[in-house]
Amino acid sequence: MRLSQLPWTTLKETPAEAEVVSHQLLLRAGLIRRLTSGIFTWMPLGLRVLRRVEQVVREEMDRAGALEVLMPAVQPAELWQETGRWERYGDLLLRIRDRHERDYCFGPTHEEIITDLARRELRSYRQLPVNYYQIQTKFRDEIRPRFGLMRAREFVMKDAYSFHLDQDSLDTTYAAMAQAYTRIFRRLGLRFRTVDADSGEIGGSRSQEFHVLADSGEDAIAYCDADGYAANVEMAPTFPPAAPRPAPAAALARVATPDSRTIEEVSALLRTAPARCLKTLLVEAADGGLVALALRGDHNLNAVKAERLPQVARPLAMATAERIRAVTGVPTGFAGPVGLDVPLIVDHAAAALADFVAGANAEGFHHTGVNWGRDAPEPAVADLRNVVPGDPSPRGGALEIARGIEVGHIFQLGDKYSQAMHATVLDQDGRERIMTMGCYGIGVSRIVAAAIEQNHDAQGIVWPAPMSPFDVTLLVLNPKNSDAVTAAAGALYLQLQEAGLEVLLDDRDARPGVKFAEADLLGIPHRLVIGERGLKEGLVEYRRRRDGAEEKVASSDAVAFLVRQLAATDPG
RNA sequence: CGGGGUGUAGCUCAGCUUGGUAGAGCGCUUGCUUCGGGAGCAAGAGGUCGCAGGUUCGAAUCCUGUCACCCCGACCA
């Protein structure tokens, strides 16, 4: 592509609307433009990146035996009513109505559509297993779209759905998909991690997420390189402390803490470590009352774990200040286990405390020297907290925490949808059997953003080679001043293309500094410069974007040299 | 949806407190000079100050309403 033919606008200044690097650089490099909140246009150069990601995904899905289809984006309400999600999915579902006042939605996901398709198309166990996939535009009316492509409302997703007669078959396909996903992210040149995950609203049993590692990631991942364990912190279990609880040493005392409600305030006032304080949280209970959840002051509540408790209302809801006052008679900030009259569930670590500080269930007072069994009943104990660095891994090592961006998620759905929609086949004995399903998603457009979050520097984007919009960019310096330079550049441009490379030729009538700066911003991994200076000696200049490594190459060797560079950097 | 914030030229922003002629930098156009890391000089084009109503002789500025966008929380690829 000749840049002189492309109306390409870059931005020197960061648009005010962009908060995260990927969003800023996508806008500055002219790869996307915002139409409205969470909805973007892919510009010519940006679309090339998206297409390259799609292509890798497509190749690996095909290799894994999945079948590409393209389902409609607009879906009739009836199918969603069949599974009950027309109501349950809530406002995330963009509902639309046609001229006949019939209800539709713009598809946020396609379980209903594919299950409907499967129950029509699949009649016999002989046709199973089958795995359909598509790469398609989804719409989710997010409460708050943000971070550009990271959480857009309209986005490109690869979603696959597999159908099976039994669990063994599902296990096989699930494993094949896990392997395909690993190949995809590896081929794209991304640093990523596969983690155990909560299956969430979509339902089902087994579930794993694929996270691109980046400090700006919205998710926290607990992992241990030594033993290979990795899980979303939502899922990573904690264990009862190995050491037994110390015997009580201090007497229970009631102290005035008039304006101290938070752990920070109380621990500062009483000169105690937060780890020696009890954090008592009041949440809505399943029976309509409240439940108290207690943690060590330096630990955080894990909502997924809390929701699993039968006593706790789903979804997890912290009690409001009014509710707390109405039920306990005390304002927020002073709840504690001594004399508490709502049910109490305590985290392992907090149950191992002795002589600790806790709220006194009276406005302006806390207790010190509190001990379980003596001052408050031996509590019901559960795993309630998020893991912290250093916690033991389930496999024996010690956990570390990293930030990640979720770009893929695979689930075993079981018969949740096939049951609701009666998707059956006849088995070997001629009996009708509900099919078992798996589903497998990749956030294709999100990968583009995640790749930038992980690969950028002060100058701009540093594309992993497999998803770069071009393999190489060829800058022609001052083409107007020298016909020889222009001719040499044109010839090299053709030769590179003949060698099978995608080339971006910067033949614009622009100053060299502009070309250098914009090339860095755009982030193509390999750059060749052809200018009067070098050409006199028969040389072109090579520069690698990632580390700035430079080399002068005889123009006659340039193509061969570049082919070698590409081979060295392309993992695919 | 709750809380916070912002809407002035394509982009980044000033002007608003204390009402009176709409500004700067970048970008764009033309010319000259430049030309190996986002050039210099000169001349230009470009704005119903988000929208609607109100107050006023007069509103970007004050008041009311409304819309859009951004940020913080719960959800997700």
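Every chain is numbered from 1 and lettered A, B, ... according to where its sequence line falls, protein lines coming before strand lines.
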Enumerate, atom names and distances included, each donor-acceptor pair closer than 3.5 Å involving a side-chain atom of residues 519-533 of chain A, sequence neighbours excluded.
residue	atom	partner	partner atom	Å
A:H526	ND1	A:Y542	OH	2.6
A:H526	NE2	A:T569	OG1	3.2

(Q) Would you compute the distance between atom CZ of A:R51 and atom CD1 of A:I135 and round it to the nearest 0.5 angstrom? (A)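 Nearest 0.5 Å value for the CZ-CD1 distance: 9.0 Å.
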Could you identify the nucleotide paired to [N], looking across every strand shown and requiring Watson-Crick or G-U wobble geometry with both distances under 3.5 Å?
N: B:rA9; result: none
N: B:rU66; result: B:rG50
N: B:rG31; result: B:rC41
N: B:rA59; result: none
N: B:rU17; result: none
N: B:rC1; result: B:rG73

Would you mind classifying the nucleic acid contact of [X] as base, sugar-phosphate or nothing, using non-hydrogen atoms under 4.0 angstrom?
X: A:D219; value: base
X: A:R527; value: base
X: A:G534; value: base
X: A:R153; value: nothing
X: A:L521; value: base
X: A:G531; value: base
X: A:A450; value: nothing

Nearest-Å distance, [atom1] ([X]) to [atom2] ([N])?
X: A:E406; N: B:rA77; atom1: CD; atom2: P; result: 5 Å
X: A:R511; N: B:rC26; atom1: CZ; atom2: P; result: 14 Å
X: A:D509; N: B:rG31; atom1: CG; atom2: P; result: 12 Å
X: A:K480; N: B:rU33; atom1: NZ; atom2: C1'; result: 16 Å
X: A:R533; N: B:rC35; atom1: CZ; atom2: C1'; result: 11 Å
X: A:K138; N: B:rC75; atom1: NZ; atom2: P; result: 22 Å
X: A:W8; N: B:rC28; atom1: CH2; atom2: P; result: 13 Å
X: A:E13; N: B:rU12; atom1: CD; atom2: P; result: 8 Å

(Q) Let me spell it out: for each of A:E17 and A:V156, pick the nucleotide of RNA chain B with the closest heavy atom. Which residue's pick is nearer the 5' end? (A) A:E17
Q. Taking for each residue the nucleotide of RNA chain B with the nearest heavy atom, is it A:G513 or A:R446 whose nucleotide lies nearer the 5' end?
A.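 Nearest-nucleotide comparison on RNA chain B picks A:G513.
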Going by distance alone, is a donor N or O of one side chain under 3.5 Å from an acceptor N or O of the other, for [X] and [Y]?
X: A:E406; Y: A:H409; answer: yes
X: A:Q24; Y: A:T14; answer: no
X: A:Y493; Y: A:D507; answer: no

Below 3.5 Å, does any donor atom in the side chain of [X] face an acceptor in the base of [N], or the other way round?
X: A:R140; N: B:rC76; result: no
X: A:R34; N: B:rC70; result: no
X: A:T9; N: B:rG10; result: no
X: A:R146; N: B:rG73; result: no

Taking the side chain of [X] as its heavy atoms from C-beta onward, which of [options] lies nearest to it?
X: A:F147; options: B:rG38, B:rA77, B:rC72; value: B:rC72
X: A:F516; options: B:rA77, B:rC13, B:rG37; value: B:rG37
X: A:R144; options: B:rA77, B:rG73, B:rG38; value: B:rG73
X: A:S37; options: B:rC69, B:rC75, B:rC13; value: B:rC69
X: A:P15; options: B:rC69, B:rC11, B:rA77; value: B:rC11

Taking the [atom1] atom in each of [N] and [M], what is the distance between them to the nearest angstrom?
N: B:rC16; M: B:rA39; atom1: C1'; answer: 36 Å
N: B:rU21; M: B:rU17; atom1: P; answer: 13 Å
N: B:rU18; M: B:rC63; atom1: P; answer: 10 Å
N: B:rG53; M: B:rU29; atom1: C1'; answer: 40 Å
N: B:rA68; M: B:rG31; atom1: P; answer: 45 Å
N: B:rU48; M: B:rU8; atom1: P; answer: 12 Å
N: B:rA42; M: B:rG37; atom1: P; answer: 24 Å
N: B:rC28; M: B:rC67; atom1: P; answer: 38 Å

**Q.** Cation-pi, A:F155 ring and A:R140 (6.0 angstrom, 45 degrees)
**A.**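 Relative to the ring axis of A:F155, which defines the angle, A:R140 lies outside at least one limit.
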Q | A:R28 to A:E13 - nearest heavy-atom pair and separation | A | CG-O, 4.0 Å
(Q) Centroid distance below 5.5 Å plus an interplanar angle below 30 degrees: do A:F155 and B:rA77 meet both conditions? (A) yes
(Q) Within 90° of 0 counts as syn, otherwise anti: where does B:rU21 fall? (A) syn
Q) A:K12 side chain N/O closer than 4.0 Å to the phosphate oxygens (OP1, OP2) of B:rU12? A)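 For A:K12, the contact criterion (side-chain N or O under 4.0 Å from OP1 or OP2 of B:rU12) is not met.
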Q) So, A:K305 and A:E234, do they make that salt bridge, N to O below 4.0 Å? A) no
Q | Lys/Arg N to Asp/Glu carboxylate O, A:R183 vs A:E60, below 4.0 Å | A |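 A salt bridge is present here (some side-chain N lies under 4.0 Å from a carboxylate O).
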